[in-house]
**Student:** 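Structure in structure tokens, see below.
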Amino acid sequence: MEKNNRDSDFLHIGNKLLGWYKNNARDLPFRKTKDPYKIWICEIVFQQTRINQGLNHYNNFIERFPDVSSLAEAQEDEVLLYWKGLGYYSRAINIHKAAQQIMTDFGGVFPSQYDEILELKGVGKYTAAAVSSICFGGRMPAVDGNFYRVLSRVFADDFDISGSRAFAYFSELAELVMPKNVGDFNQAMMDLGSEICKPKNPLCGECPLNEDCLAFSLDKVSDFPVKTKKVKTEDLHLNYYFVHYQGQFLIQQRKDDFIWKKLFEFPVVIPQELESFTKGVKTIRHKLTHKNLSIEIADVEITSEMVWLDFINKNGYIITDLHGSHEKSFPKPLESYIQNSLKD
DNA sequence: AATCCGGGGCG
DNA sequence: CGCCCAGGATT
């Protein structure tokens, strides 16, 4: 009984949000479709990624892999190639596997139920809720960083969003304001969180919910959401050898257990006798999340064909002219290094 | 429950 | 320079 009262009390917030969304939805390519494949891809691409940062990747990806089967049939390396520069590369590996999952486990038809969608590799509760609600009328709130921020402010709720219980807590809060059209509601929360209820300098004057927002009425918007966890950055150093002979270069593929999963890189060690061909060493500094990365790259130009042939025959390196660095996916800093090197 | 995974934008 | 972002997998 009490719950019903609370439901009816707060439901007008969700409806007000829907009304705002009708006239203020962002004009994005994946808003014009309910194709679950496209919605799924966009949800994965834009995990932890701003729209402007991932929009070109999304468009290129959809153009090359327009549907589940084209993605499932692709080589993993090519999927990685279309992910190059986006970060979180396990996402690319997982969508590729998930596409194959849809072919084998679901007969090539995109699953429509939340629980089924949740089975796909790389799909968690957020993405399953988003796809099922936007494409199939599912009724789960797609609780993400935007939900945490908007709801914690509207209710002036200091529940710590860093803890693992935050998802369940804010999911319940979301149920209180969730209107009939859950798909639009979920997308409206994304747009409100991105355009109005921003982390810094939110535009509360333009917010459709400002009359309902407790934090705003208390002038304490900047106090929410509460996040206690602080992370420290540490240093990471990598060494590479840029080994080449007459325009040919040696590369190898990374494993999938650390950073830059399955991306390509230069040799990490070389035999003693090749050290004498070293021309110089460049140091690259690069910022990774929570890591200050420095990379030393030794330029090793082999001048003896015998040495070159002997070396490549003994090791499992891949030989490339690097002129399709658009044919292999390299980590960002190595990509820059290659571009500069090939100019000379 | 805690940790890891990229890269870019912003104040 | 620290924080944040359309999170999920792993341990």
Side-chain angles (χ1 to χ4, degrees), chain A residues 25-26 28-31 38-58 80 83-95 97-98 117-131 133-134 140-150 160-168 170-171 183 185-195 197-202 222 224-234 236 254-263 285-293 329-336:
Chain A
R26 286 176 292 179
L28 300 169
F30 38 89
R31 283 283 168 66
K38 294 198 176 84
I39 298 299
W40 167 51
I41 298 298
C42 101
E43 292 302 337
I44 303 296
V45 166
F46 294 107
Q47 282 172 9
Q48 303 293 288
T49 305
R50 318 262 174 184
I51 294 296
N52 284 337
Q53 188 185 348
L55 206 46
N56 286 336
H57 282 87
Y58 170 80
L80 258 332
W83 211 265
K84 178 167 64 175
L86 254 189
Y88 287 141
Y89 296 96
S90 57
R91 291 183 296 175
I93 298 168
N94 283 333
I95 49 174
K97 288 179 182 164
I117 300 171
L118 195 54
E119 292 177 25
L120 302 176
K121 303 289 184 200
V123 171
K125 287 177 286 190
Y126 162 79
T127 302
V131 175
S133 68
I134 294 170
M140 306 281 275
V143 177
D144 67 345
N146 292 307
F147 272 69
Y148 290 168
R149 194 166 57 255
V150 173
D160 185 3
I161 68 166
S162 0
S164 52
R165 299 194 313 286
F167 184 87
F170 283 99
S171 294
F185 169 72
N186 284 333
Q187 298 185 86
M189 287 290 270
M190 300 174 200
D191 280 12
L192 188 77
S194 161
E195 306 288 285
C197 197
K198 302 184 291 182
K200 307 255 171 94
N201 301 330
S222 60
F224 303 97
V226 171
K227 185 176 186 179
T228 60
K229 193 176 69 178
K230 310 264 189 241
V231 280
K232 55 173 185 183
T233 64
E234 58 184 38
L236 176 64
R254 291 183 66 81
K255 314 239 179 256
D256 66 351
D257 60 347
F258 187 40
I259 57 173
W260 300 325
K261 299 185 196 340
K262 302 267 186 104
L263 267 55
R285 303 203 177 281
H286 189 78
K287 195 182 155 197
L288 248 46
T289 304
H290 303 155
K291 283 186 176 58
N292 295 315
L293 178 59
S329 185
F330 288 92
K332 209 75 176 181
L334 298 189
E335 175 84 8
S336 313

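On a predicted model such as this, the values are computed, not experimentally measured, just so you know. Values reported hereafter were calculated over all heavy atoms of this structure, with side chains retained and with hydrogens, waters and symmetry mates removed. By convention in this document, chain letters (A, B, ...) are assigned in the order of the sequence lines, proteins followed by strands, and residues within each chain are numbered from 1.
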**Student:** Closer to the 5' end of DNA chain B via nearest nucleotide, is it A:G163 or A:N52?
**Tutor:** A:G163
**Student:** Do A:T49 and B:dG7 have a side chain to base donor-acceptor pair shorter than 3.5 Å?
**Tutor:** no
**Student:** With nearest nucleotides of DNA chain B determined for A:S90 and A:K200 from heavy-atom distances, which residue corresponds to the more 5′ nucleotide?
**Tutor:** A:S90
**Student:** Hey, mind stepping through A:I259 and A:Y89 against side chain to side chain contact (heavy atoms under 4.5 Å, CB included) and telling me if it holds?
**Tutor:** CA-CA 8 Å; A:I259 57 173; A:Y89 296 96; over 6 Å; no
**Student:** For the side chain of A:T289 and the base of B:dG7, is some donor closer than 3.5 Å to an acceptor across the two?
**Tutor:** yes
**Student:** Can a donor-acceptor pair be found between the side chains of A:R91 and A:Q47 at a distance below 3.5 Å?
**Tutor:** no
**Student:** Are any of A:R149's side-chain N or O atoms less than 4.0 Å away from OP1 or OP2 of C:dA6?
**Tutor:** yes
**Student:** Map A:L118 and A:L28 onto DNA chain C by nearest heavy atom, then report which one ends up closer to the 5' terminus.
**Tutor:** A:L28
**Student:** Counting heavy atoms from C-beta on, name the nucleotide in C:dC4, C:dG8, B:dG6 closest to the side chain of A:Y126.
**Tutor:** C:dG8
**Student:** Starting from P on C:dC3, measure out to NZ on A:K232 and report it in whole angstrom.
**Tutor:** 14 Å
**Student:** Check whether any side-chain N or O of A:D191 sits under 3.5 Å from a backbone N or O of A:R26 as a donor-acceptor pair, and report yes or no.
**Tutor:** yes
**Student:** Indicate, yes or no, whether a donor-acceptor pair under 3.5 Å links the base of C:dA9 to the side chain of A:R91.
**Tutor:** no
**Student:** Given A:F147 and A:F185, is the ring-ring contact (aromatic ring centres under 6.0 Å, His included) satisfied, shown in steps?
**Tutor:** CA-CA 11 Å; A:F147 272 69; A:F185 169 72; 5.8 Å; yes
**Student:** Just how far, in rounded Å, is P of B:dG8 from CG of A:N56?
**Tutor:** 13 Å
**Student:** For A:Y58 and A:F30, take the angle between the two ring planes, folded into 0 to 90°, and tell me which bin it lands in: parallel under 30, tilted 30 to 60, perpendicular over 60.
**Tutor:** perpendicular
**Student:** Run through A:V45, A:I95, A:I117 and flag the one making a side chain to side chain contact (heavy atoms under 4.5 Å, CB included) with A:W40.
**Tutor:** A:I95
**Student:** Using the P atom on both, measure B:dG11 against C:dA6 and round to a whole Å.
**Tutor:** 15 Å
**Student:** With respect to the side chain of A:S164, which nucleotide from C:dC3, C:dA6, B:dA1 is positioned closest?
**Tutor:** B:dA1
**Student:** The side chain of A:K287 is closest to which nucleotide in this list: B:dT3, C:dA6, C:dC3?
**Tutor:** C:dC3
**Student:** Measuring to OP1 and OP2 of B:dC10, would you say a side-chain N or O of A:K198 lies under 4.0 angstrom away?
**Tutor:** no
**Student:** For C:dC4, does the base pair up with any side-chain atom of A:R50 as donor and acceptor (N or O, under 3.5 Å, distance only)?
**Tutor:** yes
**Student:** Give A:I44 one of three labels, base, sugar-phosphate or nothing, depending on what nucleic acid heavy atoms sit under 4.0 Å from its own.
**Tutor:** nothing
**Student:** What is the distance from NZ of A:K227 to P of C:dC4, rounded to the nearest Å?
**Tutor:** 5 Å
**Student:** What does A:F30 touch in the nucleic acid at a heavy-atom separation under 4.0 angstrom: a base, only the sugar-phosphate, or nothing?
**Tutor:** base
**Student:** Just how far, in rounded Å, is P of C:dA6 from NZ of A:K38?
**Tutor:** 23 Å
**Student:** Can you check the A:L288 CG to B:dT3 P distance for me, whole Å?
**Tutor:** 18 Å
**Student:** Whole-Å distance between C:dC5 P and A:Y148 OH?
**Tutor:** 11 Å
**Student:** Between A:N146 (CG) and C:dG7 (C1'), how many Å, whole number?
**Tutor:** 12 Å
**Student:** To the nearest Å, how far apart are A:I51 CD1 and C:dG7 C1'?
**Tutor:** 14 Å
**Student:** Within the structure, does a side-chain N or O atom of A:Y89 lie under 4.0 Å from either OP1 or OP2 of B:dG7?
**Tutor:** yes
**Student:** Which residues within residues 254-261 of chain A lie with some heavy atom under 4.0 Å of an atom in DNA chain B?
**Tutor:** A:F258, A:I259, A:W260, A:K261
**Student:** Could you check which of C:dC4, B:dG9, C:dA9 has an atom nearest any side-chain atom of A:N94?
**Tutor:** C:dA9
**Student:** For A:V45, answer base if it contacts any base atom (sugar-phosphate contacts may also be present), sugar-phosphate if it contacts only those atoms, and nothing otherwise; contact means non-hydrogen atoms under 4.0 Å.
**Tutor:** nothing
**Student:** Considering only heavy atoms from C-beta outward, does the side chain of A:L192 approach that of A:N146 to under 4.5 Å?
**Tutor:** no
**Student:** Check the phosphate of C:dG7 against A:Q48, side-chain N and O only, distance under 4.0 Å to OP1 or OP2. Yes or no?
**Tutor:** yes
**Student:** For B:dG6 and C:dC3, measure between their C1' atoms and round to the nearest Å.
**Tutor:** 15 Å
**Student:** When you look at A:K125 and A:S171, which way does the side chain to side chain contact (heavy atoms under 4.5 Å, CB included) test go after all the steps?
**Tutor:** CA-CA 11 Å; A:K125 287 177 286 190; A:S171 294; over 6 Å; no
**Student:** Kindly point out which of C:dG7, B:dG8, B:dG11 is positioned nearest to the side chain of A:T127?
**Tutor:** C:dG7
**Student:** Could you check A:K262, A:K261, A:K121 and say which one makes a side chain to side chain contact (heavy atoms under 4.5 Å, CB included) with A:S90?
**Tutor:** A:K261
**Student:** OP1 or OP2 of B:dG7 less than 4.0 angstrom from a side-chain nitrogen or oxygen of A:H286, does that happen here?
**Tutor:** yes
